[in-house]
Amino acid sequence: MDNVMDVGVVSTHIPPAKGYGGVSVTAAVLTKAWAESGLKISLVSSSESIDRRLEPSDVRLGDTVEVGLYRSYGFKRWGFGLGAIPKLFGLCVKAPVVYIHGIATWPSTLAAIFCVLLRRRFMVAVHGGLMPEHVALIRRRKPHKWLFYRWLTFPTLRRAIAIHCTSETEAEGIRNVLGEDARILLVPNGIDSRPVKVADYPEGEGIQICFLGHIQQEKGINAFIRAWLRTRREADRLVVAGRSVDGAYFKEFQALVEQAGGAIRYRGYLGQAEVAALLADSHYLALPSGLEETGGMRENFGNVVAEAMAAGRPVLVARGLAWDHVEAMAAGFIFDRSEDSACEILRRAQSLSRTDWERMSENARRYVETHLDPVRLGEQVWRVLKGSNTNASSQEIALCRPE
């Protein structure tokens, strides 16, 4: 690695890796934003992808970004691979500051330990790993993982200069486990809307709603489908895209799809161009995470909401994530964590006029452009990371929450 470096970045997976969701996407967006701001960056990640192993040349995040990939094997979801040890140690030796994406994976844990041992400044983005429901589930059902958190994850997090959270609920989870004096940076994830085209109002009868994400209880899709089946009209459609990561839950999902008699389409994993086309064909995107409260987990932010809004698509989102304000700004609808509330919102979405929908579409796009610019948000994170805005005794180092 080049000796001249502004920041080291650690992520378990990195685009164009397929199948690993929002954490890897967020890592790429923030890294690209920092590169656009002129920072020199060294990044270490596993080469894992569901279709093939990546090469450093596949990862295109900017001319000032040096990419180091190691081979993952065995526990690929957690990025396990012995090659991570020398790469991460070398990164932490040379980087003046380190930004770590995620917790409790192989590379994120190693990087945090190396930073503590080497007395490097570092920040951690927990990416939903300590949401209150998630922590309660681990304590209740996964005692070995809870010990791992207590012995390794929590001690290293306490040594970080800040914990980067993207929602107030996520910040609450941090305080629950680290204490009220936890140093929290509250800044949303950014999205580059410049290459995203806003499509026209979808033609045809009825409305189409799309869901993008893993088919698992955390996302709440099965409960949302039950609400949709209760309210759908003959011409309405629901399109679901994403991988299945829970066999029993996916079987329940398939049974619900059959009840719709062809009105629900399951398209599996989609590439970026296919996602853009699906959003263009849809009137709304739904994120019902938390609707199935018995799942014990939910989203902390939901990058897919920002992506849909960038494409000019109003959103239907469960309350308690980072999007409770979208209804007040007329860019979507918020429903409580119950099927009855979801039914009520679905009926409101059905009755919206084209003129009002187009106004929502404009508001959604404008919000992303003005509040979720990745370069501006990245600069806020960087100011704290490099030490120009640090107050070790404050609960929140910085706050950026649009009203």
How far does OH of Tyr284 sit from CG of Leu346, to the nearest 0.5 angstrom?
-> 10.0 Å
Can a salt bridge be assigned to the pair Asp51 and Lys18 using a cut-off of 4.0 Å between side-chain N and carboxylate O?
-> yes
Could you list the donor-acceptor pairs under 3.5 angstrom formed by side chains in residues 263-283, with sequence neighbours left out?
| residue | atom | partner | partner atom | Å |
| --- | --- | --- | --- | --- |
| Tyr266 | OH | Gly242 | O | 2.6 |
| Glu274 | OE1 | Gly271 | N | 2.8 |
| Ser282 | OG | Gln208 | NE2 | 2.9 |
| Ser282 | OG | Leu278 | O | 2.8 |
| His283 | ND1 | Gln208 | N | 2.9 |
| His283 | NE2 | Pro202 | O | 3.4 |

Ile163 side, atom CD1; Arg158 side, atom CZ - distance, nearest 0.5 Å | 10.0 Å
Looking only at side chains, do Tyr249 and Glu292 share a donor and an acceptor under 3.5 Å apart?
-> yes
Where is the tightest heavy-atom contact between Ala35 and Gly62, given as atom of each residue plus distance?
-> CB-CA, 4.4 Å
Can you give me every donor-acceptor pair (side chain of residues 70-78, partner residue at least two apart or in another chain, under 3.5 Å) with its distance?
| residue | atom | partner | partner atom | Å |
| --- | --- | --- | --- | --- |
| Tyr70 | OH | Gly79 | O | 2.5 |
| Ser72 | OG | Phe80 | O | 3.0 |
| Tyr73 | OH | Leu82 | N | 3.0 |

With rounding to the nearest 0.5 Å, note down the distance linking CD1 in Ile14 to CG in Leu61.
-> 5.5 Å
Count the heavy atoms belonging to other residues, nucleotides or ligands that lie under 6.0 Å from CZ of Arg150, then report whether that count exceeds 12.
-> no
Given Lys32 and Glu36, is the salt bridge (Lys or Arg N to Asp or Glu O under 4.0 Å) satisfied, shown in steps?
-> CA-CA 6 Å; Lys32 288 177 69 175; Glu36 191 170 332; over 6 Å; no
Evaluate whether atom CZ of Arg230 has more than 12 neighbouring non-hydrogen atoms of other residues, nucleotides or ligands under 6.0 angstrom away.
-> yes
Give a yes or no on this: more than 12 heavy atoms of other residues, nucleotides or ligands lie within 6.0 Å of atom NZ of Lys197.
-> no
Is Arg319 paired with Asp336 through a side-chain N to carboxylate O contact shorter than 4.0 Å?
-> yes
Will you find, in the side chains of Ser341 and Ser338, an N or O donor that is under 3.5 Å from an N or O acceptor?
-> no
Shortest non-hydrogen contact between Ser193 and Glu369, atoms and distance = OG-CG, 3.6 Å
Got more than 12 heavy atoms from elsewhere within 6.0 Å of CZ, Arg60?
-> no
Write out all pairs satisfying side chain to side chain donor-acceptor pair (under 3.5 Å) with one or both partners inside residues 342-354, taking only residues at least two apart or from two chains.
-> Glu203-Arg354, Asp236-Gln350, Glu327-Arg348, Ser353-Asp356, Arg354-Glu358
